*Asks:* 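Just passing along the structure, written as structure tokens.
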Amino acid sequence: MAGKEHFAELLRLLEMERLAEKEENLRELKRFPLATREALGKTVTGLVIDEVSTGMGGMPLLALSRQPKGEDLAPFHAMSAGDNALLTFPAGSQPEDCEGTLYKVDEYRAVIALNGPEPAQLGRGVCQVDKLGSDATYRRMKKALATAADARKNRTAVLREIFLGEAQPDRRRARKLRLFNEALNEFQQEAVKRCLAASDAALVHGPPGTGKTTVLVEIIRQAAAAGERVLATAPSNIAVDNILEKLQGSGLRLVRLGHPARTLESLRHANLAALVEEDPSYGEVQELDAWRERLVKRRSRFGRGQLGYEERQERDREIAKLWRQARDIEADIMRRIIAGAQVVLSTHGGLARGLVKGGFDLVALDEASQATEPLSWIPLTMGDRAVFAGDSMQLPPTIYSKEAAEQGLATTLFDRLKGLLPGTLQSLLRVQYRMHEDIMRFSSDQFYDGKLIAHESVAAHTAAELPNVEATDLTSTPLTFVDTAGAGHSESWNELLESRENRGEAELALRLLEKVLASGIDPRQVALITPYVAQVKLLKSLSRIPGLEIGSVDGFQGREKEVTIVSLVRNNEAGEVGFLSDIRRMNVAMTRARRLLIVIGDSVTIGRHPFYAKFIDYADSRQAHRSSYEWPEG
């Protein structure tokens, strides 16, 4: 499908996806009563305002807390810094509610950065916080698609034609390189050279643990050293922060866009909001904000009867004017800082054209296989050429609309370019620096044609070699498949979460965890993961070990731990594996562990699927197939 037709189809699919996400949010609101939303962590009620303060860039910060009530799960258990939220103020407040961003989150306390000025008047009583979605990214995707479709005689038009297979990409003469990171292996070095020689686009295929972000950082540094401006983007905040962290100490002028709450605390000094505060012109912003705050306090001190209607209106206009003046000066400072940066970092969806107008020589897209095509076009319309780093054998983009996914939205640019770009513009990273050879081998054989190589520093390492860890039957071996066949650990359906759980398997997972921790392994070195959200919630309700991470497979992509315990959940007489049939999800699950991978599942159920049958055979070949009867209850 050529040109305008292609982008018109993407717009249609994007609208389907937007509506599907809204319907899902509305369905949750209608389906779940308030108490249920609280149990799910979608809503927190009974909050009191502890403190009102000012954060980076003059953001109003409200700290809210609630006393413990003996809950199974703390009220903020499903909320994280960076989440969008709606804050409903006590009755009698002006305004009644305000959108904002969760800035800091503890179990019983949270700080919210408001999107607008603090309330002019606060009533007495308690507050409520609800997690929100946002249409901002959809608007940016639609604008980017229109820009790409209408582009004429510019670099966006050239990229569009190449990405649609209507033109061939060019290569230029590779310049002699002096690597900044001399530890790059031969495959990584070759990837850097091919990407720098690409006039239009290049791909880096990065299987788990092979250092694709490390390669991307070297490409960014080489481009910046040649006097080029670079835009480094990824679909998620954690992926952007990974790039930023690796660029620290490079001497480059770096700017991280996005809300400070969505940036790791250790990296917030590079966030645009922090850089704005350091600018000499920021003093004027502070003066305007201070004067506005004095007027707000004066308004609160004098009630309605103290001032006439016209006086109140004039005072409110003055407050609004001061707010606007401060924000305008702030925006000018932001644009100047961004324009002077050598490397700008942001999520795809966080690129607002009001601040970032393009003019980049290189766009470096990490986790490119996790971004839909409309999302990828946001940064692509701002640059001359692009480098994509990703792995189509790991998790695809999250899509709400099954119909939109089936009709093409699930096909990423990374996927399509695999078949369009010549081999000279694509690179496979082969040496991985994470996993023991036995953990890596099954994934390598099933997904990467057996091409992965375990670096000598990790090929034979085990959990027993960690400091102060005892050698046991679990810690001395890298892989264990715990078979629950015959144990009666049947799965069940969680109506509330519309997801599956398996209590018997969850309790077994915690018994195995106890054995691992008893050997001396720190809980912070362990992750307990599962593909099912209901199982995640069940595991969290059964275990309160400080430092232990319990989460979904999807939420753990790009992460690693010394020890990973994977609960597969499925156990039924029909042999249905459902969600597990997406074997890319299992590729992620089975490649998070560095030294010890424990997989728990029912061989009778999962063994009916070819992929899991091969895994069971692989565990047998490594003498890693054990029975759950070895870890009985009690």
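Here the structure is a predicted model, which is why all the values come from computation and not from measurement.
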*Asks:* Hydrogens and angles aside, do Glu437 and His461 bring a side-chain donor and acceptor to less than 3.5 Å of each other?
*Replies:*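 There is no such pair (donor and acceptor under 3.5 Å, judged by atom type) between the side chains of Glu437 and His461.
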
*Asks:* May I ask you to say whether Glu186 pairs ionically with Arg430, meaning some side-chain N is under 4.0 Å from a carboxylate O?
*Replies:*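 Salt bridge between Glu186 and Arg430, a charged N being under 4.0 Å from a carboxylate O: no.
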
*Asks:* Return the minimal non-hydrogen interatomic distance between Leu380 and Ala386, and the atom names on each side.
*Replies:*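 Shortest heavy-atom separation between Leu380 and Ala386 comes out as CD2-CB, 3.5 Å.
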
*Asks:* Run the salt-bridge test on Lys212 and Glu367 with the 4.0 Å N-O cut-off and return the result as yes or no.
*Replies:*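 Yes, charged N to carboxylate O under 4.0 Å.
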
*Asks:* Between Asp438 and Arg622, is there a side-chain N and carboxylate O pair less than 4.0 Å apart?
*Replies:*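 Arg622 and Asp438: salt-bridged.
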
*Asks:* Does the side chain of Leu247 reach to within under 4.5 Å of the side chain of Gln342, using non-hydrogen atoms?
*Replies:*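 Counting from C-beta outward, Leu247 and Gln342 never come under 4.5 Å.
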
*Asks:* Tell me, with the steps shown, if Phe414 and His205 meet ring-ring contact (aromatic ring centres under 6.0 Å, His included).
*Replies:* CA-CA 9 Å; Phe414 190 90; His205 300 268; 5.2 Å; yes

*Asks:* Could you go through the side chain to side chain contact (heavy atoms under 4.5 Å, CB included) check for Leu177 and Gln222 one step at a time?
*Replies:* CA-CA 8 Å; Leu177 292 182; Gln222 291 288 341; 3.5 Å; yes

*Asks:* With a 4.5 Å cut-off on side-chain heavy atoms, are Gln248 and Leu254 touching?
*Replies:*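 Yes, their side chains come closer than 4.5 Å.
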
*Asks:* Under the 3.5 angstrom rule, does the side chain of Thr530 hit a backbone N or O of Ser567 as a donor-acceptor pair?
*Replies:*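 Yes; at least one donor-acceptor contact below 3.5 Å.
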
*Asks:* Are more than 12 heavy atoms, taken from residues, nucleotides or ligands other than Arg152, located less than 6.0 Å from that residue's CZ atom?
*Replies:*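 Yes, the 6.0 Å shell around CZ holds more than 12 heavy atoms from other groups.
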
*Asks:* Give me the atom names and distance for the closest heavy-atom approach of Asp391 to Gln394.
*Replies:*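 Looking at all heavy atoms of both residues, the closest pair is OD2-NE2, 2.9 Å.
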
*Asks:* Is the closest basic N to carboxylate O distance between Arg221 and Glu218 below 4.0 Å?
*Replies:*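 Here Arg221 does not pair with Glu218 in a salt bridge, since their nearest N and O are not under 4.0 Å apart.
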
*Asks:* So Lys131 and Asp83, salt bridge (Lys or Arg N to Asp or Glu O under 4.0 Å) or not? Walk me through it.
*Replies:* CA-CA 7 Å; Lys131 283 182 73 170; Asp83 285 346; 3.7 Å; yes

*Asks:* How far apart are the closest heavy atoms of Asn115 and Gly100, and which atoms are they?
*Replies:*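 Looks like OD1-CA, 3.5 Å.
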
*Asks:* Can you tell whether the side chains of Arg262 and Asp241 come within less than 4.0 Å, N to carboxylate O?
*Replies:*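 Between Asp241 and Arg262 there is no salt bridge, as every charged N stays at least 4.0 Å from the carboxylate O atoms.
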
*Asks:* If we only count heavy atoms from C-beta on, is the Val363 to Phe388 side-chain gap below 4.5 Å?
*Replies:*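 Side chain of Val363 against side chain of Phe388, heavy atoms only: no contact under 4.5 Å found.
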
*Asks:* Taking NZ, NE, NH1 and NH2 as the nitrogens, is one of them in Arg385 or Glu228 under 4.0 Å from a carboxylate oxygen of the other?
*Replies:*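 Here Arg385 pairs with Glu228 in a salt bridge, since their nearest N and O are under 4.0 Å apart.
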
*Asks:* side-chain hydrogen bond (donor to acceptor under 3.5 Å, both in side chains) for Asn587 and Ser443? Distances and angles first, verdict last.
*Replies:* CA-CA 6 Å; Asn587 185 33; Ser443 173; 2.6 Å; yes

*Asks:* Give the intermediate values and the outcome of side-chain hydrogen bond (donor to acceptor under 3.5 Å, both in side chains) for residues Asn242 and Thr213.
*Replies:* CA-CA 8 Å; Asn242 285 340; Thr213 304; 5.6 Å; no

*Asks:* Does Gln432 reach the side chain of Val458, with side-chain heavy atoms less than 4.5 Å apart?
*Replies:*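 A side-chain contact exists here, since the closest heavy-atom pair is under 4.5 Å.
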
*Asks:* Can you list the steps and then say if Asp445 with Lys614 is a salt bridge (Lys or Arg N to Asp or Glu O under 4.0 Å)?
*Replies:* CA-CA 10 Å; Asp445 290 344; Lys614 290 175 184 175; over 6 Å; no

*Asks:* Donor-acceptor check, side chain of Arg155 to backbone of Asp384, threshold 3.5 angstrom: yes or no?
*Replies:*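 Yes: the side chain of Arg155 pairs with the backbone of Asp384.
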
*Asks:* Take Arg353 and Thr381 through the side-chain hydrogen bond (donor to acceptor under 3.5 Å, both in side chains) test and state the conclusion after the steps.
*Replies:* CA-CA 10 Å; Arg353 278 192 172 272; Thr381 58; 2.8 Å; yes

*Asks:* Kindly indicate, with the supporting measurements, whether the criterion salt bridge (Lys or Arg N to Asp or Glu O under 4.0 Å) is fulfilled by Arg12 and Glu9.
*Replies:* CA-CA 5 Å; Arg12 185 183 73 83; Glu9 176 66 4; 2.8 Å; yes

*Asks:* Could you tell me whether the side chain of Phe360 reaches within less than 4.5 Å of the side chain of Val356, counting heavy atoms only?
*Replies:*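 Result yes, sub-4.5 Å side-chain heavy-atom pair found.
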
*Asks:* Check the side chains of Ser427 and Glu190 for a donor-acceptor pair under 3.5 angstrom, ignoring hydrogens and angles.
*Replies:*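 Looking only at side-chain atoms, Ser427 and Glu190 do not form any donor-acceptor pair under 3.5 Å.
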
*Asks:* Should we count CZ of Arg416 as having more than 12 external heavy atoms under 6.0 Å?
*Replies:*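 Count over threshold, so yes.
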
*Asks:* How close do Met141 and Leu375 get, counting heavy atoms only, and between which atoms?
*Replies:*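 So the two residues come closest at SD-N, 3.5 Å.
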
*Asks:* What distance separates Leu14 CG from Arg139 CZ, expressed to the nearest 0.5 Å?
*Replies:*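 The CG atom of Leu14 sits 12.5 Å away from the CZ atom of Arg139.
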
*Asks:* Can you confirm if the NZ or CZ of Arg160 lies within 45° of the ring axis of Phe163 and under 6.0 Å from the centre of its six-membered ring?
*Replies:*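 No, Arg160 does not lie over the aromatic ring of Phe163.
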
*Asks:* Taking the basic N atoms (NZ, or NE/NH1/NH2) and the acidic carboxylate oxygens, is any pair closer than 4.0 Å for Glu15 and Arg18?
*Replies:*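 Looking at Arg18 together with Glu15, the answer is yes, because their closest N to O distance falls below 4.0 Å.
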
*Asks:* Apply side chain to side chain contact (heavy atoms under 4.5 Å, CB included) to Ile220 and Ile243, showing your working.
*Replies:* CA-CA 10 Å; Ile220 291 168; Ile243 302 173; 4.0 Å; yes

*Asks:* Measure from NZ or CZ of Arg441 to the centre of the six-membered ring of Tyr618, then state whether that distance is under 6.0 Å and the direction lies within 45° of the axis.
*Replies:*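 No - Arg441 does not lie over the ring of Tyr618 by the 6.0 Å and 45° rule.
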
*Asks:* Check whether any side-chain heavy atom of Ile529 sits under 4.5 Å from a side-chain heavy atom of Thr564, and report yes or no.
*Replies:*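 Yes - at least one pair of side-chain heavy atoms lies under 4.5 Å apart.
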
*Asks:* Has the side chain of Gln525 got a donor or acceptor atom that lies under 3.5 Å from a matching backbone atom of Val563?
*Replies:*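 Looks like no, no N/O pair under 3.5 Å.
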
*Asks:* Identify the residue among Thr591, Leu597, Leu452, Leu479 that makes a side chain to side chain contact (heavy atoms under 4.5 Å, CB included) with Met435.
*Replies:*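 With Met435 as partner, side chain to side chain contact (heavy atoms under 4.5 Å, CB included) holds for just one option, Thr591.
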
*Asks:* Just do the side chain to side chain contact (heavy atoms under 4.5 Å, CB included) check on Val387 and Leu216 with the steps written out, would you?
*Replies:* CA-CA 8 Å; Val387 170; Leu216 206 58; 3.8 Å; yes

*Asks:* Do Glu403 and Gln407 pass the side-chain hydrogen bond (donor to acceptor under 3.5 Å, both in side chains) test, and can you show the C-alpha distance, the side-chain angles, and the key distance before you say yes or no?
*Replies:* CA-CA 6 Å; Glu403 293 80 7; Gln407 293 176 35; over 6 Å; no

*Asks:* Do Asp279 and Arg336 sit within salt-bridge range, that is, some charged N less than 4.0 Å from a carboxylate O?
*Replies:*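 So Asp279 pairs with Arg336 through a salt bridge.
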
*Asks:* Can a donor-acceptor pair be found, under 3.5 Å and without considering hydrogens, that links the side chain of Asp415 to the backbone of Thr412?
*Replies:*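 Side chain of Asp415 to backbone of Thr412: a pair is present.
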
*Asks:* Can you name the one residue among Gln370, Arg585, Arg584, Arg592 that meets side chain to side chain donor-acceptor pair (under 3.5 Å) with Gln557?
*Replies:*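 Answer after filtering Gln370, Arg585, Arg584, Arg592: Gln370.
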
*Asks:* How long is the span from the CG atom in Leu11 to the CG atom in Leu145, to the nearest 0.5 Å?
*Replies:*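 These two atoms lie 5.0 Å from each other.
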
*Asks:* Checking side-chain polar atoms at under 3.5 Å, does Ser444 have a donor or acceptor matched by the opposite partner on Lys451?
*Replies:*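 The criterion, which ignores hydrogens and geometry beyond distance, is not satisfied for Lys451 and Ser444.
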
*Asks:* Is it true that Asn237 and Thr347 share a donor-acceptor pair across their side chains at a distance under 3.5 Å?
*Replies:*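 Judged by distance alone, the side chains do not pair up.
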
*Asks:* Heavy atoms, side chains only, cut-off 4.5 Å: are Glu17 and Tyr138 in contact?
*Replies:*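 They are in side-chain contact.
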
*Asks:* Is any side-chain heavy atom of Leu203 closer than 4.5 Å to one of Leu421?
*Replies:*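 Yes, side chains in contact.
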
*Asks:* Near Lys104 NZ, under 6.0 Å, is it more than 12 heavy atoms from other residues, nucleotides or ligands?
*Replies:*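 No, NZ of Lys104 has 12 or fewer neighbouring heavy atoms, counting only those of other groups under 6.0 Å.
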
*Asks:* Evaluate the side chain to side chain contact (heavy atoms under 4.5 Å, CB included) criterion for residues Glu99 and Asn84: first the C-alpha distance (whole Å), next the side-chain angles of each, then the deciding distance (0.1 Å), finally the verdict.
*Replies:* CA-CA 7 Å; Glu99 292 188 18; Asn84 293 321; over 6 Å; no

*Asks:* Taking the side chain from Asp361 and the backbone from Arg229, do they hold a donor-acceptor pair closer than 3.5 Å?
*Replies:*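 Yes; judged by distance alone, with no hydrogens or angles, the pair exists.
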
*Asks:* For Tyr103, is the NZ or CZ atom of Arg268 found under 6.0 angstrom from the centre of its six-membered ring and inside 45 degrees of the ring axis?
*Replies:*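 Ring-cation test returns yes.
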
